[in-house]
K.L.:
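Right, I'll just put the structure down here and ask away after.
Order of listing sets the numbers, starting from 1, for every ligand and every atom in it. Source: prediction; values computed, not measured.
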Amino acid sequence: MTVGPPGLRVESVDVLVVGAGPAGSTAAEHLARAGHRVLVVEEHPKVGEPVQCAGLVSKRVLALAGSDSFVRTSVRGASVFGPSLRSISFRASEPRGYVIDRAALDVFLAEKAARAGAEIRTSTRFDRVVATSSSGVTVRLSGAPGGRSDVQARLVVGADGVASAVARAFRLRRPVEILPAFEAEFPRSPGDPDSVEVYLGRTIAPGLFGWWIPDGAGGARVGVAADADGTSARTYCGRLVERLARRFGRALGSPTAYIVSGIPIGALPATSGDRVLLVGDAAAQVKPLSGGGIFTGMRCAEIAGKVAHESLARDDLSRSALSAYDHAWRAELGEELRRALYLRRIFTRLNDAELDAVVEALRGAASEATIVAFGDIDFPTHVVRELLGRSPSLVRLLPKALGAWFSSGTYRIPEVEPGPLRK
Ligand SMILES: Cc1cc2nc3c(=O)[nH]c(=O)nc-3n(C[C@H](O)[C@H](O)[C@H](O)COP(=O)(O)OP(=O)(O)OC[C@H]3O[C@@H](n4cnc5c(N)ncnc54)[C@H](O)[C@@H]3O)c2cc1C
């Protein structure tokens, strides 16, 4: 510990991780295990709270966490409803998704990071960068217990979610867009407990979709992520709840919890800089077709941990050394996210009649078999490509560029413009 300006403590660490969500704790665990001094700061008093997630994940998340202790139930099926409520359904013979207790996942991962040697400091907020020098970055923290304090870190990992203060402090770009999302949790709900439901349509959720997810205890998580067009995501969610009540033939009752947050779409063009890496939602490492970011965030955090360890060992934390992280995670996930972003652009331009026509084109045993065979919630563009290849009526509904994509292995989907610079 060194002494900074009068009355201010300055401690030194190798890595300051900002945010104890799944991405931050995963990066912290890997770096602490490699022998680095890691401090994780979390602005909330309790890790995992408030929950801002529907908690539907693939098996890969359980594998990355090394546990299934936080799983509440699994689902094998899904139904997709068009705007007119015509639907397609499919069911696999084995679980395809896991509904988790999201707070329990966050606590599990933070405890794992702590066991590896990281210090987790709650009620502590990253405020800003106060100085940079040849030995590190000095960062101002605020909050209990010690009021303000400064930390000097050789490397800062920004895992502070969609509104990342770290990304802002290091002047990294914003995501292409941020979709407002709203979810209500109902302790009792009719519906198939082995299946999730997805609702499409401009009046329900323009820009993404609405969801009904069984919670494993007889209730359900009902939410929407929708473009901000002057109507709030909460209003859209209310419409979905009314629609569900009509479909189920009875009201869902009163919700016991609400979630309001934003989903970043369109990964940042650079997720590293001098002495900084961004992981998870802070880097917008989120699947553009579903808004899911737990798998992508945790996997990228693992990659960040490896690259950061090598850079710390060489004592080269320059932008060019850390750009190895950008290259590594994009080599694994970049093409999927890019394709999904492009497909999302096409999808969001479809009107309700066209969305109904897409659902109609997907009806039938052949499409259902293709979806069951190729459906993967982490890599959804694979099944889209298969469906386009097998369904001429679907291709006719969509732009010509997509035809080029599925008929040629080398066709490169156009880039979507990056998000704006941060002020
Ligand atoms: C309504 C909704 C439903 C979703 N459903 C799913 C789903 O079903 N499946 C899925 O995979 N994904 C889902 N997501 C996305 C998923 O929640 C995120 O992708 C995931 O939480 C990202 O993890 P993270 O660790 O990057 O960030 P977060 O989980 O957001 O964690 C960031 C942490 O940083 C802390 N923090 C922020 N600023 C500071 C600061 N200045 N100083 C200190 N701490 C700070 C926050 O308190 C928070 O704990 C959903 C998102 C929403 C909004």
K.L.:
Contact between G223 and ligand 1, counting heavy atoms under 4.0 Å?
P.N.:
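Checking ligand 1 against G223, which is what was asked, there is no heavy-atom contact under 4.0 Å.
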
K.L.:
What part of V162 sits under 4.0 Å from ligand 1 if we count only heavy atoms: the side chain, the backbone, both or neither?
P.N.:
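V162 to ligand 1: no contact under 4.0 Å from either part.
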
K.L.:
Which ligand 1 atoms, with their elements, are less than 4.0 angstrom from a heavy-atom of G291?
P.N.:
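Under 4.0 Å from G291, ligand 1 has these atoms: 14 (N), 15 (C).
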
K.L.:
Is it the case that R60 places NZ or CZ above or below the six-membered ring of F379, under 6.0 angstrom from the centre and within 45 degrees of the axis?
P.N.:
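That pair does not qualify as a cation-pi contact.
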
K.L.:
For R363, look at atom CZ and say whether over 12 heavy atoms of other residues, nucleotides or ligands are found less than 6.0 Å away.
P.N.:
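Yes - once you tally the heavy atoms of other residues, nucleotides and ligands closer than 6.0 Å, there are more than 12.
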
K.L.:
Please determine whether salt bridge (charged side-chain N to carboxylate O under 4.0 Å, His left out) holds for the pair R314 and E310, giving the CA-CA distance in whole Å, both sets of side-chain angles, and the decisive distance to 0.1 Å.
P.N.:
CA-CA 6 Å; R314 284 199 314 273; E310 286 159 7; 5.0 Å; no

K.L.:
Give yes if a backbone or side-chain nitrogen or oxygen of V57 is under 3.5 Å from a nitrogen or oxygen of ligand 1, and no if not.
P.N.:
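No.
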
K.L.:
May I ask you to say whether R221 pairs ionically with D215, meaning some side-chain N is under 4.0 Å from a carboxylate O?
P.N.:
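Judged by the 4.0 Å cut-off on N to carboxylate O distance, R221 and D215 do not form a salt bridge.
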
K.L.:
Which residue and atom name correspond to the protein heavy atom nearest atom 4 (C) of ligand 1, and how close is it?
P.N.:
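Checking every protein heavy atom, the shortest distance to atom 4 (C) of ligand 1 gives A54 N, 3.3 Å.
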
K.L.:
So, regarding A181 and ligand 1 (criterion: nitrogen or oxygen to nitrogen or oxygen, under 3.5 Å), is there a contact or not?
P.N.:
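No, A181 has no N/O under 3.5 Å of an N/O on ligand 1.
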
K.L.:
Could you say whether the N/O atoms of S261 and ligand 1 ever approach to under 3.5 Å?
P.N.:
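It does not: no N or O of S261 is found under 3.5 Å from an N or O of ligand 1.
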
K.L.:
With only distance considered, is H44 within less than 3.5 Å of ligand 1 through an N or O on each side?
P.N.:
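It does: an N or O of H44 is found under 3.5 Å from an N or O of ligand 1.
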
K.L.:
Is it the case that S272 and D326 place a side-chain donor and acceptor less than 3.5 Å from each other?
P.N.:
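A donor-acceptor contact under 3.5 Å links the two side chains.
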
K.L.:
Salt bridge between E335 and R339, side-chain N to carboxylate O under 4.0 Å?
P.N.:
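Yes, E335 and R339 are salt-bridged.
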
K.L.:
Any chance you could lay out the salt bridge (charged side-chain N to carboxylate O under 4.0 Å, His left out) test for D352 and R202, step after step, and finish with the verdict?
P.N.:
CA-CA 6 Å; D352 278 359; R202 288 192 172 267; 5.2 Å; no

K.L.:
Is the shortest N/O to N/O distance between E183 and ligand 1 below 3.5 Å?
P.N.:
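The answer is no, given that E183 and ligand 1 share no N or O pair closer than 3.5 Å.
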
K.L.:
Please write down residue, atom name and distance for the protein heavy atom closest to atom 6 (C) of ligand 1.
P.N.:
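The answer is C53 SG, 3.4 Å.
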
K.L.:
In this structure, does ligand 1 have an atom that sits under 4.0 Å from one of the heavy atoms of T124?
P.N.:
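The answer is yes: ligand 1 sits under 4.0 Å from a heavy atom of T124.
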
K.L.:
Counting only nitrogen or oxygen atoms and a 3.5 angstrom limit, does L56 reach ligand 1?
P.N.:
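Min N/O separation from ligand 1 is below 3.5 Å for L56.
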
K.L.:
Using heavy atoms and a 4.0 Å limit, tell me yes or no: is A159 in contact with ligand 1?
P.N.:
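It does; at least one heavy atom falls under 4.0 Å.
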
K.L.:
Suppose I only count heavy atoms of G293 and a 4.0 Å limit; which atoms of ligand 1 are within that range?
P.N.:
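Those of ligand 1 that fall under 4.0 Å from G293 are 10 (C), 11 (O), 12 (N), 15 (C), 19 (O).
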
K.L.:
Number the atoms of ligand 1 from 1 as they appear, then name those within less than 4.0 Å of a heavy atom of G55, with their elements.
P.N.:
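Close to G55: 7 (C), 8 (O).
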
K.L.:
Could you check which of T26, V224, D281, I294 puts a non-hydrogen atom nearest to atom 18 (C) of ligand 1?
P.N.:
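Answer by nearest heavy atom: D281.
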
K.L.:
Would you please say whether a donor-acceptor pair under 3.5 Å links the side chains of T381 and E336?
P.N.:
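There is such a pair between these side chains.
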
K.L.:
Do E29 and K112 sit within salt-bridge range, that is, some charged N less than 4.0 Å from a carboxylate O?
P.N.:
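Looking at K112 together with E29, the answer is yes, because their closest N to O distance falls below 4.0 Å.
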
K.L.:
Please determine if F126 has a nitrogen or oxygen closer than 3.5 Å to a nitrogen or oxygen of ligand 1.
P.N.:
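For ligand 1, there is an N or O atom that lies under 3.5 Å from one belonging to F126.
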
K.L.:
Please walk me through it: do R247 and E197 pass salt bridge (charged side-chain N to carboxylate O under 4.0 Å, His left out)?
P.N.:
CA-CA 12 Å; R247 197 176 86 68; E197 297 187 358; 2.5 Å; yes

K.L.:
Which of the atoms of ligand 1 are close to V41, meaning less than 4.0 Å from one of its heavy atoms?
P.N.:
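Every atom of ligand 1 under 4.0 Å from some heavy atom of V41: 43 (C), 44 (N).
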
K.L.:
Is there a nitrogen or oxygen of F182 sitting under 3.5 Å from a nitrogen or oxygen of ligand 1?
P.N.:
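In this structure, F182 places no N or O atom under 3.5 Å from an N or O of ligand 1.
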
K.L.:
Please determine whether any non-hydrogen atom of R102 lies less than 4.0 Å from an atom of ligand 1.
P.N.:
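The answer is yes, since R102 has a heavy atom less than 4.0 Å from ligand 1.
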
K.L.:
Who's the nearest protein heavy-atom neighbour of atom 43 (C) of ligand 1, and how far?
P.N.:
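Nearest protein contact, heavy atoms only, for atom 43 (C) of ligand 1 is E43 N, 3.4 Å.
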
K.L.:
What residue and heavy atom of the protein are closest to atom 34 (O) of ligand 1, and at what distance?
P.N.:
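Of the protein heavy atoms, G19 CA, 3.2 Å lies nearest.
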
K.L.:
Quick check on contacts: which atoms of ligand 1 are under 4.0 angstrom from a heavy atom of G280?
P.N.:
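Within the 4.0 Å cut-off of G280, ligand 1 contributes 26 (O).
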
K.L.:
How are the rings of W211 and F209 set relative to one another: parallel (under 30°), tilted (30 to 60°) or perpendicular (over 60°)?
P.N.:
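Perpendicular: the ring planes of W211 and F209 meet at over 60°.
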
K.L.:
Taking atom types as modelled, find out whether T235 and S232 have a side-chain donor-acceptor pair closer than 3.5 angstrom.
P.N.:
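There is such a pair (donor and acceptor under 3.5 Å, judged by atom type) between the side chains of T235 and S232.
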
K.L.:
Is any NZ, NE, NH1 or NH2 atom of the basic residue among R91 and D194 found under 4.0 Å from an Asp or Glu carboxylate oxygen of the other?
P.N.:
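A salt bridge links R91 with D194.
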
K.L.:
Relative to the heavy atoms of V18, which atoms of ligand 1 are at a distance of less than 4.0 Å?
P.N.:
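Ligand 1 atoms under the 4.0 Å threshold to V18: 40 (C), 42 (N), 43 (C).
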
K.L.:
Is any N or O atom of A20, backbone or side chain, closer than 3.5 Å to an N or O atom of ligand 1?
P.N.:
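No, since none of the N or O atoms of A20 sits under 3.5 Å from an N or O of ligand 1.
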
K.L.:
Should the ring pair F81 and Y199 be called parallel, tilted or perpendicular, given that the plane angle runs from 0 to 90° and is split at 30 and 60?
P.N.:
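Because their plane-to-plane angle is under 30°, the rings of F81 and Y199 count as parallel.
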
K.L.:
Starting from atom 25 (O) of ligand 1, what is the nearest protein heavy atom, named by residue and atom, and what distance separates them?
P.N.:
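The closest heavy atom on the protein side is A23 N, 3.0 Å.
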
K.L.:
Is R121 paired with E11 through a side-chain N to carboxylate O contact shorter than 4.0 Å?
P.N.:
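Answer for the salt bridge query: yes.
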
